[in-house]
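What follows is a short report on a single structure.
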Protein chains: 2
Amino acid sequence: MDDTEQRILDAALRVFASEGFTGATTRRIAEEANVAEVTLFRKFKSKKNLLKEVLINNRTVFSSMEDLFQLFQNEKDVNLETELRILGKNIAKAMRDKKKDSKRRMFMFMLFEEGRRRPEVSEALSSFLQMNIKPLSEYFDLQIKNGKMRTTNSRSAAITFVSYFVYTSLLREVFGDSFFGEHDEEIERFIDIFTKGILKAEEK
Amino acid sequence: MDDTEQRILDAALRVFASEGFTGATTRRIAEEANVAEVTLFRKFKSKKNLLKEVLINNRTVFSSMEDLFQLFQNEKDVNLETELRILGKNIAKAMRDKKKDSKRRMFMFMLFEEGRRRPEVSEALSSFLQMNIKPLSEYFDLQIKNGKMRTTNSRSAAITFVSYFVYTSLLREVFGDSFFGEHDEEIERFIDIFTKGILKAEEK
DNA sequence: CATGTAAGTAAGTAATTACTTACTTACATT
DNA sequence: AATGTAAGTAAGTAATTACTTACTTACATG
């Protein structure tokens, strides 16, 4: 992969993420990448095509959720609740630490908007989301098999889990940390509800 | 309220929702409202100001969640799980039936994007979200007091609940119904997890 | 040295867009 | 009949934007 091309792709990711597809200008992207605007067109033909290439370029990088799961592949005797708590905090940590991730998250967010109008975009988005949900529901299936988790639809459980993290990280992005309190405490509370439910014991 | 003004506000809501703020043109909005473009500027001065007025105009209408809760104010002896199941299905039904709601949801979605750049927008969005979360967590507080729900942070419970519905309705909007199965079944499964948790009884 | 390649510079085109100005039409109130 | 008001028509302005063309510079390779 060309260095100049890569720099343009990275810049495009950033600018698309912060301005949206319509709001992003090729001039801004070129500026961000430190190339002449014309170079951008020579390499990528059109703005539309650039978006497509950014998507392809980041397809593997987006699957960060998959990496997080490799942590658990070996450890077998750990408590499920503890494991999820660790997973949740790792996700939160990844979101906090890496500024790159914030850009990616916002880029994804932009894809939601753009996906409503452009089928190729929604397709790319769909396969990315599946990439997050699939390993998680496979993990849940395993836990059910191991008798650590009660029999529920594993995909529904995965969606519930992912919903929370997507939604709250979105809110944190828009409102800063003012909307919630401390990250880890909030996650503790979610995991508590997710694992034990909200009902009183005798009501079940 | 002026009839023409209202027609412009309604049209603006629709166009902002489907095109985003940047993508929406004043020409399109005027067309949708069946007025001359110049009328739009006479009444609302600028595109920015129009967005602001749309926000103000819809502030009360957005609080649909509040209405849904009035259903429960009187019934006291119903099972909490059943109640939540009904609430969930009502939300889903409202989303399915009313086409207006789809526009509002998409408008809200656009606000997330726009809110990152414009503080007035994120402010309006914040107060709207509070409007959804507040009655729900008050409801949970009541249930805890009545001994039907175990002691958890009611706000965290509300956010978990809302996360699921916001996220899945977003996905349905972008991907159609292909991403999930039947609406009601999916909700049943979520409520099951939300109320009972995912752990096996002996693991708690 | 000669040639090819990747990049920049500069200027420009055609379309779009938010917004303005000047004037007209239709209707309602005094 | 006279006046005010809310709307339309038409034309235009200044800026922006995606994208193009023509030419130049720098560098690497044969």
Side-chain angles (χ1 to χ4, degrees), chain A residues 1-57 107 110-111 113-121 124, chain B residues 1-57 107 110-111 113-121 124:
Chain A
M1 177 67 67
D2 202 281
D3 176 62
T4 314
E5 270 177 43
Q6 192 55 51
R7 252 167 43 232
I8 295 172
L9 288 169
D10 290 345
L13 179 70
R14 288 198 299 276
V15 178
F16 282 146
S18 80
E19 311 292 328
F21 180 77
T22 319
T25 68
T26 50
R27 191 182 299 172
R28 254 298 300 281
I29 294 169
E31 239 168 61
E32 276 267 326
N34 277 317
V35 295
E37 200 182 352
V38 74
T39 306
L40 184 156
F41 282 101
R42 265 197 288 249
K43 298 260 179 198
F44 297 98
K45 283 188 171 179
S46 73
K47 191 182 166 188
K48 279 185 185 185
N49 188 59
L50 178 59
L51 174 64
K52 200 173 140 193
E53 297 290 335
V54 172
L55 239 46
I56 292 166
N57 189 248
F107 180 75
M110 182 224 80
L111 291 183
E113 266 263 57
E114 202 55 27
R116 284 156 48 211
R117 287 183 285 270
R118 302 165 54 95
E120 338 99 69
V121 175
Chain B
M1 178 67 68
D2 203 280
D3 175 63
T4 314
E5 270 177 44
Q6 191 56 51
R7 251 167 44 231
I8 294 172
L9 288 169
D10 290 345
L13 179 70
R14 288 198 299 276
V15 178
F16 282 146
S18 79
E19 312 293 326
F21 180 76
T22 320
T25 69
T26 50
R27 190 182 299 171
R28 253 298 301 280
I29 295 169
E31 238 168 60
E32 276 268 325
N34 276 316
V35 295
E37 199 182 352
V38 74
T39 305
L40 183 156
F41 283 101
R42 265 198 287 248
K43 298 259 178 200
F44 296 98
K45 284 187 170 180
S46 73
K47 190 182 166 187
K48 278 185 186 186
N49 188 59
L50 178 59
L51 174 64
K52 200 173 141 194
E53 297 290 335
V54 171
L55 239 46
I56 293 166
N57 189 249
F107 181 75
M110 182 224 79
L111 291 183
E113 267 263 55
E114 201 55 27
R116 284 155 48 211
R117 287 182 286 270
R118 301 165 54 94
E120 337 99 72
V121 175

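Computed from a predicted model, the values in this text were never measured in an experiment.
Of all nucleotides in DNA chain D having an atom under 4.0 Å from a heavy atom of chain A, the first and last in 5' to 3' order are dT17(D) to dT21(D).
Geometrically, Lys47(A) engages Phe21(A) in a cation-pi contact, judged by NZ or CZ lying under 6.0 Å from the ring centre and within 45° of the ring axis.
Contact annotation: the side chain of Ile29(B) approaches that of Leu50(B) to within less than 4.5 Å [non-hydrogen atoms, C-beta and beyond].
We find the CG-CD1 distance between Leu13(B) and Ile8(B) to be 14.0 Å, quoted to the nearest 0.5 Å.
Among the heavy atoms of the strands, none lies under 4.0 Å from Ala30(B). Asn34(B) comes within 4.0 angstrom of sugar-phosphate atoms only, judged by non-hydrogen atoms across all strands, and of no base. Backbone-only contact: Val35(A) has heavy atoms under 4.0 Å from sugar-phosphate atoms and none from a base.
Taking a pair to require two hydrogen-bonding distances under 3.5 Å in either a Watson-Crick or a G-U wobble arrangement, dA22(C) pairs with dT9(D).
For the side-chain hydrogen bond (donor to acceptor under 3.5 Å, both in side chains) test with Gln6(B), the passing option among Thr4(B), Asp10(B), Asp2(B) is Asp10(B); the others fail.
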- Message: Quick one, Asn57(A) with Glu53(A), criterion side-chain contact (heavy atoms from CB on, under 4.5 Å). Give me CA distance, side-chain angles, the key distance, then yes/no.
- Response: CA-CA 6 Å; Asn57(A) 189 248; Glu53(A) 297 290 335; 5.9 Å; no

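Salt-bridge annotation for Arg27(B) and Glu31(B): absent, with no side-chain N of the basic residue lying under 4.0 Å from a carboxylate O of the acidic one.
With DNA chain D read from its 5' end, the first of the two nearest nucleotides for Thr4(B) and Gly23(A) is the one closest to Thr4(B).
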